[in-house]
Amino acid sequence: MRLEIRDVHKRFANGAGDHIVIERMDLSVGEGEFVTLLGPSGCGKTTLLNIVAGFVRPERGTVRVGDRPVEGPGPDRGVIFQDYALFPWLTVRGNVEYPMRRTGIKTRERAERLQALLRMAHLEGKERLYPAQLSGGMKQRTAVCRALASDPQVLLMDEPFGAVDFQMRLKLQEELERIWVENRITVLMVTHDVQEAVYMSDRVIVMSPDRGRIIDDVRIDLPRPRERRSERYHEYTDLLLDRLGEAFADARAES
Amino acid sequence: MASAGSSLVDRVGDEEILTGTGGVDGRGARGRQSWWWVLSLIIVFGVWQVAAWRYDSDLLMPQPVDALRALGEAVVDPIVLTNLGITVRRVLIGFVISMAIGVPVGYLMGHSPRVGEVMDPLINTFRQVPIMAWVPLSIIWFGLGDGPTIFIITFVGVFAIILSTVAGVRAIPIELFHAARSMGASRSGLFRDVVLPATVPDVVTGARLALGAAWGSVICAEFIATSAGYGYLMVRAQSMMATDRLMALMILGALVGFLIDRGLVYANRQLAKWRYLT
């Protein structure tokens with residue numbers, strides 16, 4: 001489903017007065033497209049994601065999923081949180097089934113879908129474990145399953161690999177990329193990791209801390225799965241690093 | 001106030017870890033611990049025995065053997081058991097009332113910052129009055145007997161329950177609410193789906209603190225405000241100068257308190273298994 005962000009404004013009041021986080025943000029994510037918001041911390045990328053998720057209300061502007069305007073959180077947008085936000089009192093099974101229960105999927109279909117999701121994420125046999133018993137990688141994959149369980153039209157990810165070590169991060173990126181290729185769902189991801197942005201995305205939006213201005217909108221034109229060592233991969237990485245440099249210059253001008 | 005509450009909670013939490021759910025070397029740690037138990041009992045009884053020889057007075061310091069014999073008699077004495085029953089009944093009634101007040105108030109305060117702001121100073125003010133200072137007033141209000149004792153039990157317990165519940169609600173990460181909402185939970189469903197399961201351990205911790213405080217203060221209240229119950233029995237033993245019986249009743253009182261606490265620890269393990277995973 002298409003995702004349309006039109007003329008969105010968001011400001012936060014802090015000690016020093018009003019701070020404009022996002023001003024006049026326009027962004028479209030096409031059906032089945034993987035778009036990443038890249039920028040230094042404080043550039044409003046997480047705020048924008050939270051607006052799309054419906055957790056934060058913008059002062060002005062609209063977000064549309066397909067034809068429907070976003071008016072609050074809802075199961076049409078699956079969310080993967082930075083620290084996963086799994087329910088610690090539910091098992092893997094309980095967590096993944098939670099959105100299915102809330103959206104009224106029948107017991108029979110729930111069981112089938114649960115198995116299909118766990119198979120896809122290599123979590124078979126882990127149904128009865130609680131989050132505290134899972135490794136970082138398994139938690140992350142459980143969170144992916146849970147976000148996909150309600151069959152959302154858009155997947156929102158807030159630094160989904162932030163909390164795992166480097167080796168695991170590469171592995172999880174590859175796994176998530178494979179899952180995404182199988183499902184071809186519309187994705188909006190937030191990260192500050194250039195490598196991750198190039199590896200995963202169709203398009204990378206570089207944001208500035210100066211009112212969330214879009215510095216560049218880069219299409220990553222590489223076949224999947226991507227070869228991290230290829231020359232063109234490095235060209236994209238270098239290009240995005242340059243753009244991030246501009247964003248950081250904005251950050252210094254801000255402060 | 002919340003911090004004072006959570007430090008209490010933390011202490012109980014630590015003790016929980018000390019008594020061990022058992023990690024890899026859980027059995028070893030537990031084994032070692034029971035040896036320390038035996039050692040400390042030997043020290044207590046040793047000091048007691050030496051003191052008893054030194055003072056050589058059944059009134060001031062009876063022999064441990066005599067106290068233990070009196071304990072043996074007490075646990076089969078129908079008078080002791082009846083009065084113990086009266087006291088336990090009071091504790092349970094007071095406890096149920098304090099839960100019925102404390103848990104909903106705690107949820108309200110934790111949920112709404114405004115309710116919290118209004119209630120915080122109120123609770124903090126009342127909490128500062130030493131609990132036994134309420135006894136004379138409670139006798140004026142309720143007369144002698146069940147009334148003042150149940151009032152004291154309720155009063156002393158309700159704060160622990162409120163503070164612990166509030167701390168539990170406030171400690172729930174906002175992401176869990178966001179997650180539930182984004183997966184289709186209604187606003188009102190958040191209480192059932194997130195708040196309730198997340199706070200079970202905190203509510204049980206509050207219940208534990210409340211029952212401990214209740215058991216401690218009810219006996220004291222019974223010294224004054226009633227002519228039945230465990231505390232009354234102790235006063236009678238004292239006035240009959242039966243020090244060995246008095247000490248036996250103290251030991252039995254400690255055992256009952258210990259059993260109540262273990263019961264709640266067990267309940268917590270059953271209700272919130274997820275908190276005690278290794």
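A note on names: the letters A, B, ... follow the listed sequences, proteins ahead of strands, and every chain is numbered from 1.
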Parallel, tilted or perpendicular: ring planes of Phe126(B) versus Phe155(B), cut at 30 and 60 degrees: perpendicular
Toward chain A, the part of Pro173(B) with a non-hydrogen atom under 4.5 Å: neither
Min side-chain heavy-atom separation Ile22(A)-His9(A) under 4.5 Å: no
Arg127(B) side chain near Leu163(B) side chain, heavy-atom distance below 4.5 Å: yes
Part of Val194(B) within contact of chain A (heavy atom distance under 4.5 Å): both
When Pro75(A), Ala149(A), Ala53(A) are compared by non-hydrogen pairs under 4.5 Å with chain B, the top option: Pro75(A)
Mutual orientation of the aromatic rings belonging to Phe81(A) and His178(B) [parallel < 30°, tilted 30-60°, perpendicular > 60°]: parallel
Any donor-acceptor pair under 3.5 Å from Glu222(B) side chain to Tyr230(B) backbone: yes
Leu86(A) versus chain B, the contacting section by heavy-atom distance below 4.5 Å: backbone
Chain A contact via Ala198(B) - side chain, backbone, both or neither, heavy atoms under 4.5 Å: both
Residues 88-101 of chain A: residues contacting chain B (heavy atom under 4.5 Å, by number): Pro88(A), Trp89(A), Tyr98(A), Pro99(A)
Polar side-chain atom of Thr191(A) near backbone of Glu159(A) as donor-acceptor pair, under 3.5 Å: no
Beyond-backbone contact of Leu155(A) with Arg77(A), side-chain heavy atoms, under 4.5 angstrom: no
CZ (Arg68(A)) with more than 12 external heavy atoms under 6.0 Å: no
